[in-house]
Participant: 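Below is a structure I'd like to ask you about.
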Amino acid sequence: MANPAVELAGVTKRFGDEVVAVNELDLTIEDGEFFSLLGPSGCGKTTTLRMIAGFEFPTEGSIRIHGKEMGLKPPNQRPVNTVFQSYALFPHMSVAENVAFGLNMTKVEKSEVQRRVSRVLDQVQLSKRADARPSQLSGGMQQRVALARALVNEPEVLLLDEPLGALDLKLRQAMQVELKDLQGRVGITFIYVTHDQEEALTMSDRIGVMNEGSLLQVGRSEEIYEHPASRFVADFIGDINLIDVTLNGSGGARLSSGAEIALPGGTTGSETQITLALRPERLALYDLDEEIPAGYNRVRVKVSRRLYYGDVHFYDVDAGIGTEIEVKEENRPGVELYEVGEEAYLAWSPEAANLVTS
Amino acid sequence: MNEGTRPRGWVDRLLALNAWVVYLFFYAPIVLLIVFSFNDNENVGIWTQPSLRWYGEMFQDERVMGALRNSLIVAFFATIVSTVLGTMLAIALERYRFRGRGTLDGIAYLPIIIPDVTMAVMLLIFFFQAFGMLDEALGINLSAGLLTITLAHIAFCISFVAIVVRARLSQLDSSLEEAAADLYANRWQAFRKVTLPLIAPGVAGGALLALTLSLDDVVVTQFVSGAGSTTLPVYVFGLVRRGVTPLINAVSTVMLVASMVLVGISLGFQRGAEARGQRLADPEALLEEISAD
């Protein structure tokens with residue numbers, strides 16, 4: 001069986017005596033995977049990437065790329081290439097010279113260099129700008145040059161450090177699709193660092209969520225979103241209601257208002273404080289005399305705010321539990337609107353909820 | 001009230017007058033120096049008729065030409081060595097973390113602050129001691145001369161080069177060097193292909209500044225030069241003490257023109273870099289500040 005693309009085992013990085021940037025990270029990234037490291041700034045995701053690239057070295061632990069121990073190998077001896085957040089294009093070289101840099105350093109034959117550079121520039125649709133200086137290009141074009149400059153070397157792993165951060169929203173969304181397609185075509189393992197959960201969710205095969213130097217959860221986008229393993233992951237990814245409940249010993253729980261609700265099947269325990277994580281789009285409002293699907297939880301609430309987002313309406317509703325619960329309803333024909341002050345039932349399927357600790 | 005047609009008050013007039021007076025104060029001596037270098041009379045202050053007589057005498061004066069030759073030799077080696085060492089110092093202080101860096105950083109520019117005379121005296125004592133030890137230990141008999149002048153010039157030029165190069169280096173995104181390493185360049189290739197071309201305007205500016213400083217120095221040179229190793233500025237200083245002739249005017253005019261050409265070329269490098277779309281480092285301002293000294 002082939003070795004995984006990247007293996008991190010017990011990787012710890014300390015800066016000085018105080019700061020622990022990355023804490024005992026164990027992670028295996030499979031060949032051909034689009035893997036995202038997601039987390040807030042300062043969570044250690046960029047340090048992790050820089051250790052794989054060879055710009056930083058682990059204080060403890062080992063990093064293997066396709067089974068080979070990287071140890072203290074400098075960046076130029078590693079089979080990986082990086083797309084930098086600032087692009088880091090060489091300002092004194094043309095686009096073509098930038099792209100050819102890696103091939104020239106590895107003593108690839110001149111004609112071969114030319115062939116590969118023109119092919120990769122074709123792929124990123126920049127053939128016409130081969131002689132331009134980076135400063136003459138738009139942000140989106142510079143981004144594609146940075147990508148081409150890395151991909152032309154056909155690295156075993158491509159490392160991307162928030163490459164879309166500097167682009168505006170429309171361009172960023174277009175590039176998300178483009179990057180994902182490109183990764184599928186070239187079949188290279190991508191490790192993508194981002195703090196943008198939407199980017200991570202749309203592009204990744206798997207996501208690793210990090211906070212304060214630790215890897216909290218690794219899984220496919222759906223797993224991370226639907227079944228967050230901790231309060232942090234639930235809160236960091238998407239909108240979510242975190243409601244403190246007390247287990248009642250019969251597979252259900254009690255809200256602080258006293259209302260009893262059902263929990264996902266298989267929940268046991270009693271008199272334990274636990275947090276219920278509920279996505280706003282999994283909640284719905286019903287008229288007081290309307291029929292609610294069988295088995296759904298129902299809690300009587302009062303609408304305290306309604307926000308119009310165009311495609312959706314956001315409601316804040318008061319269920320008498322101290323904090324307001326957010327509900328997201330799609331703006332479709334036939335979906336009834338509730339006015340501020342109106343009373344209604346808040347309902348959800350018990351299986352839509354997640355129980356998270358800490 | 002319309003700002004464009006605001007009537008000029010007395011403050012504005014005073015400031016304008018001040019500007020003219022300051023410039024007169026700056027440039028009148030220079031104009032006088034140049035004008036009288038073309039004066040035929042033996043006496044500096046008395047105008048007779050224009051001539052190139054003193055320029056002719058200057059080029060035939062063996063002592064002037066000898067001093068000029070010494071100046072050029074010293075400046076050539078001092079510039080090359082101080083540019084290389086100053087650039088290396090700038091890179092070390094700007095890019096690498098090592099034990100004692102903070103202290104070195106703090107005292108790197110001390111040679112710029114130390115008064116010339118202090119620098120001269122300490123270098124003189126240092127050479128005297130070092131030569132004594134060399135003579136005793138190895139039997140090498142060195143004496144003051146062009147070598148000591150060159151070493152002394154290197155000593156005070158390094159800091160200036162380091163300042164100018166570092167100003168440029170600090171504006172260079174360090175991820176460019178990382179990108180080079182990421183694209184399989186070893187340390188030397190990354191420096192040669194990426195760092196050096198990008199800091200080249202700073203290095204060139206630093207080198208020309210070192211050249212100018214070396215060519216102009218009187219105080220330090222006078223202390224550490226031995227018999228028969230006089231540089232041009234020191235020779236001119238000696239001439240003045242024996243009475244001013246228009247020969248001095250001619251020599252000074254040539255030195256002035258040479259300095260201006262060097263500074264002009266240095267600024268040209270900076271502007272060129274700017275025109276090529278690279279961001280301009282601060283050395284230009286520094287250069288002007290320092291050469292006004």
Side-chain angles (χ1 to χ4, degrees), chain A residues 15-16 46 49-50 52-56 73-94 97-108 113 132-137 142 145-155 157-163, chain B residues 87 91-92 94-103 105 165 167-205 268-283:
Chain A
F15 290 109
T46 296
L49 196 78
R50 289 172 60 80
I52 299 172
F55 301 132
E56 310 276 357
K73 273 191 186 175
N76 55 316
Q77 289 170 25
R78 299 189 179 205
V80 301
N81 286 114
T82 308
V83 176
F84 291 83
Q85 187 171 14
S86 61
Y87 312 144
L89 299 177
F90 306 128
H92 58 302
M93 298 181 195
S94 71
E97 286 165 342
N98 263 283
V99 175
F101 191 91
L103 297 176
N104 287 332
M105 286 300 121
T106 46
K107 306 267 182 278
V108 174
V113 171
R133 290 284 162 121
S135 59
Q136 298 169 315
L137 303 181
Q142 290 184 21
V145 177
L147 206 57
R149 186 177 70 174
L151 282 176
V152 75
N153 305 297
E154 291 164 10
V157 180
L158 186 70
L159 308 172
L160 302 103
D161 184 10
E162 310 224 11
Chain B
T87 302
I91 292 170
E94 187 65 31
R95 284 290 189 261
Y96 298 106
R97 279 172 282 176
F98 55 91
R99 183 182 282 272
R101 197 197 77 142
T103 315
D105 201 2
V165 173
R168 178 104 201 152
L169 204 55
S170 69
Q171 301 210 336
L172 197 66
D173 182 0
S174 62
S175 67
L176 289 173
E177 286 150 339
E178 287 182 348
D182 189 65
L183 295 164
Y184 314 117
N186 59 34
R187 294 277 280 270
W188 170 248
Q189 287 167 322
F191 175 74
R192 183 66 200 77
K193 301 274 182 192
V194 175
T195 313
L196 188 59
L198 291 173
I199 63 170
V203 175
F269 271 112
Q270 309 285 332
R271 297 267 153 73
E274 195 178 20
R276 284 196 302 276
Q278 298 173 4
R279 269 209 303 168
L280 187 67
D282 240 5

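Every chain is numbered from 1, with letters handed out A, B, ... down the list of sequences.
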Participant: Counting only non-hydrogen atoms closer than 4.5 Å, does B:Gln189 touch chain A with its backbone (N, CA, C, O), its side chain (CB onward), both, or neither?
Facilitator: side chain
Participant: Is it the backbone or the side chain of B:Ala190 that comes under 4.5 Å from a heavy atom of chain A, or both, or neither?
Facilitator: neither
Participant: Looking at B:Arg101, I want to see if its CZ is surrounded by more than 12 non-hydrogen atoms of other residues, nucleotides or ligands under 6.0 Å.
Facilitator: yes
Participant: Please round to the nearest 0.5 Å and tell me the distance separating atom NE2 of A:His92 and atom NZ of B:Lys193.
Facilitator: 9.0 Å
Participant: Please identify each residue that fulfils ring-ring contact (aromatic ring centres under 6.0 Å, His included) with A:Phe101, with sequence neighbours left out.
Facilitator: A:Phe90
Participant: Among residues 78-85 of chain A, which residues come closer than 4.5 Å to chain B, judged by heavy atom distances?
Facilitator: A:Arg78, A:Val80, A:Asn81, A:Thr82, A:Phe84
Participant: Count the heavy-atom pairs under 4.5 Å between each of B:Val194, B:Asn186, B:Asp173 and chain A, then report the option with the highest count.
Facilitator: B:Val194
Participant: Can you tell which part of B:Asp182 gets under 4.5 Å to a heavy atom of chain A, answering side chain, backbone, both or neither?
Facilitator: both
Participant: Above 12 or not: heavy atoms from other molecules or residues under 6.0 Å from CZ of B:Arg95?
Facilitator: yes
Participant: List in chain and number order the residues that pass side chain to side chain contact (heavy atoms under 4.5 Å, CB included) with B:Ser170, two or more places apart in sequence or in another chain; answer none if no residue qualifies.
Facilitator: B:Glu94
Participant: Please flag which part of A:Leu89 lies under 4.5 Å from any non-hydrogen atom of chain B: side chain, backbone, both or neither.
Facilitator: backbone
Participant: Distance from B:Tyr184 atom OH to A:Asn76 atom CG, nearest 0.5 Å?
Facilitator: 10.0 Å
Participant: How would you list, by chain and number, every residue that makes a ring-ring contact (aromatic ring centres under 6.0 Å, His included) with B:Phe191, sequence neighbours excluded?
Facilitator: B:Trp188
